[in-house]
K.L.:
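Take a look at the following structure, please.
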Amino acid sequence: MLKRIQRSVEFIKSKINFEPEVGIILGSGLGNLVKEIIIQKTIPYKEIQDFPISTVEGHEGNLIFGTLSGRNIIAMQGRFHYYEGHSMDDVTLPVRVMKQLGIKLLIVSNASGGMNPDFKIGDIMLIKDHINLMPNPLIGKNEKSLGERFPDMSEAYDRRILNEARTIAKELNIKVHEGVYAGVTGPTFETPSEYRYFRIIGADAVGMSTVPEVIVARHMKLPVFALSVITDLGIANQVETVSHQEVLEAAANTQPKMTAIIKQLLTKKDIF
Ligand code: HPA
């Protein structure tokens, strides 16, 4: 794994002259933030030998280097999911690579199904914690140079940044919820009983990504800020059919608000 990280980092460094401060993972239907970036360089995943190929509609596969709100960032336009058949090492490789490239903060976005009865389609949920219902990406020999064997998870989502994001949303007049994200493998959406179960165990939203990336980031002590766009509802007696297309559309409608929060967050000089 270290070899794959190192090879990817060296390849990327040979293509850019750039010190990134922040990594941003753009979720399903949430790739439009890229239009706001002053782009210096785009590297398709397929040019990076060790990167897997993303196979899902709505997920382009590019690493984008540029500035957003005056900050040097790397944006991942499209991510890798466990349900595509990638290993957890594959799913999380880009996070490890971005850390080695120098990022000090990871911002993660996703589309998710809402179980909290206060949620509506198109709402934003700032993630304050998660419940991991996928295989843990750190299973296997621990790579000491990356982090410790038993990483602490008491504050997986940086509280100071979360507080800042809440204030920003208020200032921008954007309604946001805060809640717990349950990470599942997919690719099936949930049965009504599964949505009820995830609600009972304490989750507000459920989705098929984010948690592996966050675990790997925290293993490396990288601070994380994450947010979900609620694209469908799994609320008791309100569960309707859901399709990937609906998820993409709902995400697309909400992405300007998500982009506004992230852009404003990056203007804050002292958050990390
Ligand atoms: N469940 C799981 N993953 C999802 C959902 C959902 O309802 N919506 C978007 N991603």
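In what follows, residues are counted from 1 in the order of the sequence shown. Just so it is clear, the values below take in all heavy atoms, side chains as well, and ignore hydrogens, waters and symmetry mates. Please read all numbers here as calculations on a predicted model, not as lab measurements. Indexing begins at 1, ligand by ligand and atom by atom, following the structure's order.
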K.L.:
In the protein, what heavy atom is nearest to atom 5 (C) of ligand 1, and what distance, to one decimal place, separates them?
P.N.:
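Protein heavy atom with the smallest distance to atom 5 (C) of ligand 1: G113 N, 3.4 Å.
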K.L.:
Testing the 3.5 Å rule here: is there a donor-acceptor pair between the side chains of D89 and S87?
P.N.:
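Result is no, nothing qualifies.
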K.L.:
Pick whichever of G186, A111, P187, G207 has a heavy atom sitting closest to atom 3 (N) of ligand 1.
P.N.:
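Going through G186, A111, P187, G207 one by one, G207 has the nearest heavy atom to atom 3 (N) of ligand 1.
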K.L.:
To check your reading of the model: name the closest protein heavy atom to atom 7 (O) of ligand 1, its residue, and the distance in Å.
P.N.:
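Sorting protein heavy atoms by distance from atom 7 (O) of ligand 1 puts D232 OD2, 2.5 Å first.
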K.L.:
Taking the six-membered ring for Trp, are F80 and Y45 parallel (under 30°), tilted (30 to 60°) or perpendicular (over 60°)?
P.N.:
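Because their plane-to-plane angle lies in the 30° to 60° range, the rings of F80 and Y45 count as tilted.
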K.L.:
Nearest heavy-atom pair of F119 and G114: which atoms, and what distance?
P.N.:
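Closest approach of F119 to G114: CD2-CA, 4.1 Å.
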K.L.:
Against heavy atoms of S112, which atoms of ligand 1 measure under 4.0 Å?
P.N.:
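Answer, ordered by atom number: 5 (C), 8 (N), 9 (C), 10 (N).
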K.L.:
With ring centroids as reference points, do H130 and Y181 lie under 6.0 angstrom apart?
P.N.:
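They do not qualify: ring centres at least 6.0 Å apart.
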K.L.:
So if I count the atoms of ligand 1 from 1 in the order they appear, which ones are less than 4.0 Å from some heavy atom of M208?
P.N.:
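Within the 4.0 Å cut-off of M208, ligand 1 contributes 2 (C), 3 (N).
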K.L.:
Which one holds for T231 and ligand 1: side chain close, backbone close, both close, or neither close, with close meaning a heavy atom under 4.0 Å?
P.N.:
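Answer for T231: side chain.
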K.L.:
Please report which non-hydrogen protein atom sits nearest to atom 2 (C) of ligand 1, along with the residue it belongs to and the distance in Å to one decimal place.
P.N.:
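For atom 2 (C) of ligand 1, the nearest protein heavy atom is E190 OE1, 3.3 Å.
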K.L.:
Whether R4 and D90 form a salt bridge (side-chain N of Lys/Arg under 4.0 Å from carboxylate O of Asp/Glu) is what I want to check.
P.N.:
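Result for this pair is yes, salt bridge flagged.
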K.L.:
Around atom CG of D118, are there more than 12 heavy atoms of other residues, nucleotides or ligands at under 6.0 Å?
P.N.:
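It does: D118 CG has more than 12 such atoms within range.
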K.L.:
Quick one: which ligand 1 atoms are inside 4.0 Å of a heavy atom on F189?
P.N.:
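Going through ligand 1 atom by atom, the ones under 4.0 Å from F189 are 1 (N), 4 (C), 5 (C), 6 (C), 7 (O), 8 (N).
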